[in-house]
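In the text below, chain A, chain B and the rest are named by the order of the sequence lines, each starting its count at 1.
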There are 2 protein chains.
Amino acid sequence: MSKTAKTPKSQLTEEKILDAARKIFVQQGMMGARMQDIADEAGINKALLHYYFKNKEQLFEMIFKQASIRLFPRINQIFNSDDPLFVKIESFCAEYIDVVMENPYLPLFVLNEIHRDTELFIQKIWGESNRPNPLKLLMQIEEEVQKGTIRRVNPMHLLMNMISMTMFPFVARPMLQANLGMDDWTFRMMMEQRKKEIPDFIIRSIKL
Amino acid sequence: MSKTAKTPKSQLTEEKILDAARKIFVQQGMMGARMQDIADEAGINKALLHYYFKNKEQLFEMIFKQASIRLFPRINQIFNSDDPLFVKIESFCAEYIDVVMENPYLPLFVLNEIHRDTELFIQKIWGESNRPNPLKLLMQIEEEVQKGTIRRVNPMHLLMNMISMTMFPFVARPMLQANLGMDDWTFRMMMEQRKKEIPDFIIRSIKL
DNA sequence: GTCTATAATTTGATAGAC
DNA sequence: GTCTATCAAATTATAGAC
């Protein structure tokens, strides 16, 4: 048996820990999270936690990398697909909202941590493979402008508008819910609508 | 001399502390910030820090309230003005970008902390007076729809689109800069453009 | 692999001299 | 008002039994 092989039991515990850590880290951030809370959430004690993960930082990096891997490759897949522009915009919104709906606090978490330690993020988490790369999409927008399919528009601003309208509600969720008296169900329904609403809003603005 | 009167010296030190605390808190969040770091940044020691502010929480609340007061009343002023819709959209984008450009990390900070402790935020920081209230703007949108000035659009989605496109670049700034190789000057210039770009983008999408 | 108990470290907060 | 020195509490990490 190799060094990295896992018994069924250790796999199960490791999974429990990772689930617990994800929940606590995403809720509290790297600094706010307490190893005790993670252990409690996992139904084990701190010693066992350290048995599986040498220290907090290592556990954090694992969680963070997992989160990035779940999020960014799918975005890149859409950014780099061969679909026509309007289809791409629809796919991006729908796909992103679907993925994030299951981990609603992931975007804020990611933005937080990349802000807290940009270098760590770029080097250790994004290894070129996970790094979002919108280049092809940007060129595609420029092409459509040249062809006269859409109005003269700055591709970067268009990209930013699309990403903003899709991600932001997740990032601002507590503020929105507090201010508009929106419950979880309503928020969910609203995001479901936005899968159509955002592409529609964009296309109406740029089509000739 | 009343209890709250301040000598020139104590005012100066208090100001130094608040500036330092703002910087550290906005950078690290409530949990990540260290009293030592704040003291260092202010060029004093921890004891003196506690002399001016009883504890970390009190200092944090002060900073946070200051930040909120700088941000939200101006937003409300625009939300509740009597300007026509299109003018209002332009004012909001321009004003918001201008205010936040001077404290670029304020939005992420606010969203973070409201996420961390929603109750504290709503009760202690927003005292009805600071609370963003978009009701009038929402009704105004609905009116324009009725009048046939703009297409049939869900006011809430429109509001969310506007806020998203304006705030999000600040929230995602480190990610954007890292991914697009954007330096500070470029970011600044881009946001300057967006004061026109966003209203234009919106109006083209909704006008009939 | 998992636990209890405890060490080691960090960090918020205070006492007391000047 | 400001500092040095120190305490007290919280929190990460480890030792060692089972």
Completion exercise
By side chain to side chain contact (heavy atoms under 4.5 Å, CB included), B:Ser68 pairs with (sequence neighbours left out) B:Phe72, B:Phe121, B:Ile125
Handout entry: Spacing between A:Asn55 atom CG and D:dT11 atom P, to the nearest angstrom
Key = 18 Å
Handout entry: Under the side-chain hydrogen bond (donor to acceptor under 3.5 Å, both in side chains) test, residues paired with B:Asn55 that sit two or more places apart
Key = none
Handout entry: Pairing residues for A:Glu57 by the salt bridge (charged side-chain N to carboxylate O under 4.0 Å, His left out) criterion, not counting sequence neighbours
Key = none
Fill in the blank from the handout: DNA chain C: first to last nucleotide in contact with chain B (atom under 4.0 angstrom from a heavy atom), 5' to 3', is C:dT11 to C:dA15
Problem - Residues that B:Glu61 engages under salt bridge (charged side-chain N to carboxylate O under 4.0 Å, His left out), provided they are two or more places apart - result: B:Lys124
Practice task
Identify, between B:Ala33 and A:Thr13, the residue whose nearest nucleotide on DNA chain C lies closer to the 5' end.
Solution key: A:Thr13
Handout entry: B:Asp183: salt bridge (charged side-chain N to carboxylate O under 4.0 Å, His left out) partners, not counting sequence neighbours
Key = none
Handout entry: Pairs satisfying ring-ring contact (aromatic ring centres under 6.0 Å, His included), at least one member in residues 177-206 of chain B, at least two apart
Key = B:Phe170-B:Phe187
Handout entry: Within residues 155-172 of chain A or reaching into it, pairs that qualify as side-chain hydrogen bond (donor to acceptor under 3.5 Å, both in side chains) - sequence neighbours excluded
Key = A:His157-B:Gln193, A:His157-B:Arg194, A:Asn161-B:Arg194
Exercise for the section: Return the residues of residues 34-54 of chain B meeting this criterion: a heavy atom under 4.0 Å from some atom of DNA chain D. Order them by number, or give none. Expected result: B:Ile44, B:Asn45, B:Ala47, B:Leu48, B:Tyr51, B:Tyr52
Handout entry: Sidechain-backbone polar pair: A:Lys88 side chain, A:Phe79 backbone, donor-acceptor under 3.5 Å
Key = yes
